[in-house]
2 protein chains.
Amino acid sequence: MLLVEDEPAVRLGVRLALERAGHRVLEAESAQGAWPLLKEAEAVILDWMLPDEPGIKLLERMRQGPFPELPVLLLTARAEVRDRVEGLSRGADDYLAKPFATEELLARLEALLRRAGKRKLLRRGPLLLDLERMEASLGGRPLPLTRREFALLAFLAQRPGRVYTREELLEAVWGQDYLGTPRTVDQHVLQLREKLGEDPKAPRFLETVRGIGYRFREAG
Amino acid sequence: MLLVEDEPAVRLGVRLALERAGHRVLEAESAQGAWPLLKEAEAVILDWMLPDEPGIKLLERMRQGPFPELPVLLLTARAEVRDRVEGLSRGADDYLAKPFATEELLARLEALLRRAGKRKLLRRGPLLLDLERMEASLGGRPLPLTRREFALLAFLAQRPGRVYTREELLEAVWGQDYLGTPRTVDQHVLQLREKLGEDPKAPRFLETVRGIGYRFREAG
DNA sequence: AAGGGCTTGACCATGCCCTGACAAAGGGGA
DNA sequence: TCCCCTTTGTCAGGGCATGGTCAAGCCCTT
């Protein structure tokens, strides 16, 4: 997620909101600074006015250049119909008028990503699972998980609050014909907890339900 | 029971198996054909690949549309973890890899229906017992119970007003081959009363019937 | 051959469960 | 009413099942 915005206060606010929502954030203060970061980005939040050139100019170069598809959300101080039309016609996928609520921003971004990538994302607080790519991130930082770990975590996170026995987990994640100790599940839970930075006393995500099994903690 | 499968041979085989097991079977060969039949179905057996669109697409539309809860068993030729994760993450309740034994199918379907329908809740005034999750709450607050405590309380709460001897409780909750003092029951009743915040003089839930045993107090 | 992922068995900490002992309460008879 | 016996409440300690953790080995991929 690339954030191109020259005003520090706005940049900080948006950045924090994005990270809270599980995005990894790159920043740039100018069109020039943004250009080399584009190839890292899945989407761009672009200010209309930038110190070196109008954001819309950058957008135009992107569209005619190597990034014809990259989702762009345009931030503008002017909310006039005229600007809106201009922005969209020049290749923005959506726009948002300042001042805006961060929730609004997040919601639009979500919609944008969904429309653009049709990627299936599973978000649980700071934890983000990209089910299509089998990639995970925590608080914006990429989280390297193995296949089993990812599959187990994704399965549990699918229904927060529901408790699964080790046998159910083995069947769902390992396959119905799997033979092996139920304790294997424990081991993977251990690995996951470590990678997730869980406090052994008060896990944020993976809870043990003594005598039964494990569950993903409900939101809140 | 709605069966969505384009290959006639498979469809026939599964259909016969389902009917032998006492299910009424609706059939569809495509996603499009399946849609209007959904509202009749108690559960869906859905092929991953269909002539008009992937079964998983249909599933997605169901989940986001009018059938967020309908149990779905996904049939897939691919048994890879990746597909499994994707399928389950998109809202399937279970999956089965082709080729499969019809017995296997029936067994899973059975489990599915049981799981779907059997979210049994037991409510006794402010006390709420979720028999599936083995979770209890009192007046809206979660009530942490151990396995034994929960089993004992749930058993007594099944029939309020009925008195059980310690021997009956031991047999029902501990198992018929259990050896041990009947006084063990007392201990667990004690624990339960404490957790339930009972007034020793006038218990709201767990009553002692002197000379006989215990009972769950009748409502009112 | 090397490396990483997966699995397993072993060992250890924790907390549940059970028990035995003692205190308290109920109930019947004089 | 008082006494005594039975029944139940309560407490604390120990055994044991359960889960956490570690390390070694297997297997697959590179």
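Here is how names work: the chains are called A, B, and so on, in the same order as the sequence lines, proteins then strands, and each is numbered from 1.
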For atom [atom1] of [X] and atom [atom2] of [N], their distance in whole Å:
{"X": "A/R148", "N": "C/dT8", "atom1": "CZ", "atom2": "C1'", "answer": "14 Å"}
{"X": "A/L192", "N": "C/dC6", "atom1": "CG", "atom2": "P", "answer": "10 Å"}
{"X": "A/K201", "N": "D/dT21", "atom1": "NZ", "atom2": "C1'", "answer": "13 Å"}
{"X": "A/L153", "N": "C/dG5", "atom1": "CG", "atom2": "P", "answer": "16 Å"}
{"X": "B/L145", "N": "C/dG15", "atom1": "CG", "atom2": "P", "answer": "17 Å"}
{"X": "B/Q191", "N": "D/dT10", "atom1": "CD", "atom2": "P", "answer": "11 Å"}
{"X": "A/E167", "N": "D/dG19", "atom1": "CD", "atom2": "C1'", "answer": "14 Å"}
{"X": "B/L190", "N": "C/dA24", "atom1": "CG", "atom2": "P", "answer": "15 Å"}

[N], OP1 or OP2 - any side-chain N/O from [X] closer than 4.0 Å?
{"X": "A/T208", "N": "D/dG19", "answer": "no"}
{"X": "B/Y214", "N": "D/dT7", "answer": "no"}
{"X": "B/R147", "N": "D/dT18", "answer": "yes"}
{"X": "B/W174", "N": "C/dC17", "answer": "no"}
{"X": "A/R166", "N": "D/dT18", "answer": "no"}
{"X": "B/Y178", "N": "C/dC18", "answer": "yes"}
{"X": "A/T146", "N": "C/dC6", "answer": "yes"}
{"X": "B/H188", "N": "C/dC16", "answer": "no"}

Only one of A/L156, A/L153, A/L127, A/L192 forms a side-chain contact (heavy atoms from CB on, under 4.5 Å) with A/F205, so which one is it?
->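 Running side-chain contact (heavy atoms from CB on, under 4.5 Å) over A/L156, A/L153, A/L127, A/L192 with A/F205 returns exactly one hit, A/L127.
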Which part of the nucleic acid does [X] contact within heavy-atom distance under 4.0 Å: base, sugar-phosphate only, or nothing?
{"X": "B/V209", "value": "sugar-phosphate"}
{"X": "B/T181", "value": "sugar-phosphate"}
{"X": "A/I212", "value": "sugar-phosphate"}
{"X": "B/R210", "value": "base"}

Test for a donor-acceptor pair under 3.5 Å between the base of [N] and the side chain of [X], counting only N and O atoms.
{"X": "A/R193", "N": "D/dG20", "result": "no"}
{"X": "A/Q187", "N": "D/dC22", "result": "yes"}
{"X": "A/R183", "N": "D/dG20", "result": "yes"}

Hey, is A/R11 close enough to A/E29 for a salt bridge, meaning N to O under 4.0 Å?
->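 Salt bridge present between A/R11 and A/E29.
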Hey, are B/R217 and B/E198 close enough for a salt bridge, meaning a charged N less than 4.0 Å from a carboxylate O?
->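 No salt bridge links B/R217 with B/E198.
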Residue whose closest nucleotide on DNA chain D lies nearer the 5' end, A/D186 versus A/E194 =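 In this pair, the answer is A/D186.
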Steps toward side chain to side chain contact (heavy atoms under 4.5 Å, CB included) verdict (B/V173, B/H188) | CA-CA 11 Å; B/V173 174; B/H188 286 275; over 6 Å; no
If you round to the nearest 0.5 Å, how far is NZ of A/K195 from CG of A/L143?
->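 Reported to 0.5 Å precision, the distance equals 7.0 Å.
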Is the closest side-chain donor-acceptor distance between B/R193 and B/T208 under 3.5 Å?
->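 Distance-only check passes for B/R193 and B/T208.
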Name the residue closer to the 5' end of DNA chain C, choosing between A/V185 and B/P182 according to the nucleotide with the nearest heavy atom.
->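 The residue whose closest nucleotide sits nearer the 5' end is A/V185.
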